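What follows is a set of notes on a single structure, which appears directly below.
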Amino acid sequence: MDKKGKVIILVAPSGGGKSTLARRLFKDFDNIKFSVSATTRPQRDYEVDEKHYYFISDEDFDQKVAAGEFLEWEEFYGGKKYGTLRSEVDKKLNSGYFVLLDIEV
């Protein structure tokens, strides 16, 4: 692909329909990629690192925040942090894909 993609951001509270809308977009458009978020919460048994999330320590997360490596981030759910890595989005945009961000408020 030789065109740079765009960012699509879905923002809503948990249960607001973001996942339903995302599934429909992925079904209808083959040029959309999901942005995998980083988190400090523990990895669940069924989750795969770098597929479901980038599982990183609090220390690593804070270093990435200080270095400006996140487009956005938030601390919630009992002190656990979640964020969108700039490098994750840029890599897909530069390959010409639209990048879908699923952000909870």
Side-chain angles (χ1 to χ4, degrees):
M1 299 183 157
D2 40 328
K3 285 180 118 180
K4 191 168 183 178
K6 303 287 183 195
V7 175
I8 301 167
I9 304 172
L10 303 178
V11 181
S14 182
K18 299 181 305 290
S19 296
T20 301
L21 182 55
R23 280 192 298 275
R24 182 58 191 251
L25 289 169
F26 290 130
K27 179 181 175 191
D28 291 349
F29 300 97
D30 60 358
N31 62 338
I32 298 176
K33 297 285 185 183
F34 187 71
S35 173
V36 178
S37 298
T39 184
T40 61
R41 76 158 172 76
Q43 185 174 350
R44 296 176 182 138
D45 291 340
Y46 62 89
E47 292 176 321
V48 177
D49 189 32
E50 297 184 14
K51 177 182 178 188
H52 294 102
Y53 287 96
Y54 290 95
F55 295 97
I56 61 177
S57 69
D58 278 311
E59 239 179 79
D60 288 343
F61 198 101
D62 292 344
Q63 288 173 351
K64 290 180 184 308
V65 168
E69 294 182 35
F70 284 104
L71 293 173
E72 60 80 31
W73 69 274
E74 186 62 56
E75 181 176 341
F76 54 113
Y77 296 129
K80 300 304 177 199
K81 299 171 189 164
Y82 292 79
T84 303
L85 290 163
R86 183 180 309 277
S87 60
E88 171 75 11
V89 173
D90 285 346
K91 177 175 51 175
K92 291 173 178 158
L93 287 176
N94 291 331
S95 294
Y97 291 102
F98 285 76
V99 182
L100 182 67
L101 279 67
D102 178 340
I103 300 174
E104 189 168 328
V105 294

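Bear in mind the structure is a predicted one, so any value in this text is a computation, not a measurement. Any value given below was found using the heavy atoms of this structure, including those in side chains, with hydrogens, waters and symmetry copies removed.
- Minimum heavy-atom separation, P42 to K80: CD-CE, 4.1 Å.
- Rounded to the nearest 0.5 Å, atoms CG (D30) and CZ (F98) are 11.0 Å apart.
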_Set out, in order, the CA-CA distance, both residues' side-chain angles and the distance that settles side-chain contact (heavy atoms from CB on, under 4.5 Å) for I56 and K64, then state yes or no._
CA-CA 10 Å; I56 61 177; K64 290 180 184 308; 4.0 Å; yes
*Which is it for L85 and F70 under the side-chain contact (heavy atoms from CB on, under 4.5 Å) test, yes or no, and what are the steps along the way?*
CA-CA 4 Å; L85 290 163; F70 284 104; 3.6 Å; yes
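- Atom CD1 in I103 sits 5.5 Å away from atom CD1 in I9 (nearest 0.5 Å).
- Taking hydrophobic clusters as Ile, Leu, Val, Met, Phe, Trp and Tyr residues chained together by side-chain heavy-atom distances below 4.5 Å, L10 does not share a cluster with V36.
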_Run the side-chain contact (heavy atoms from CB on, under 4.5 Å) test on E75 and K81 for me, step by step, so that the C-alpha distance in whole Å, both residues' side-chain angles and the decisive distance to 0.1 Å come before the verdict._
CA-CA 4 Å; E75 181 176 341; K81 299 171 189 164; 3.6 Å; yes
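- At most 12 non-hydrogen atoms from other residues, nucleotides or ligands lie less than 6.0 angstrom from CZ of F29.
- Rounded to the nearest 0.5 angstrom, F34 CZ and E88 CD are separated by 9.0 Å.
- Minimum heavy-atom separation, V99 to V89: CG2-O, 3.9 Å.
- A donor-acceptor pair under 3.5 Å is formed between the side chain of T39 and the backbone N or O of R41.
- V105 and I8 end up in different hydrophobic clusters when Ile, Leu, Val, Met, Phe, Trp and Tyr side chains are linked at under 4.5 Å.
- Looking at heavy atoms from C-beta onward, L100 lies out of side-chain contact with K33 at the 4.5 angstrom threshold.
- One finds the CG atom of D58 at 4.5 Å from the OG1 atom of T40 (value rounded to the nearest 0.5 Å).
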_Steps toward side-chain contact (heavy atoms from CB on, under 4.5 Å) verdict (Y53, Q43)_ = CA-CA 8 Å; Y53 287 96; Q43 185 174 350; over 6 Å; no
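- The distance from atom CG of L93 to atom NZ of K6, rounded to the nearest 0.5 Å, is 9.0 Å.
- When all heavy atoms of V11 and K18 are compared, the pair lying nearest together is C-CD, 4.1 Å.
- Atom CZ of R23 is separated from atom CG of D28 by 13.0 Å, given to the nearest 0.5 angstrom.
- Connection of V7 to L25 is not established within any shared hydrophobic cluster, with ILVMFWY side chains joined at heavy-atom distances below 4.5 Å, either directly or through further cluster members.
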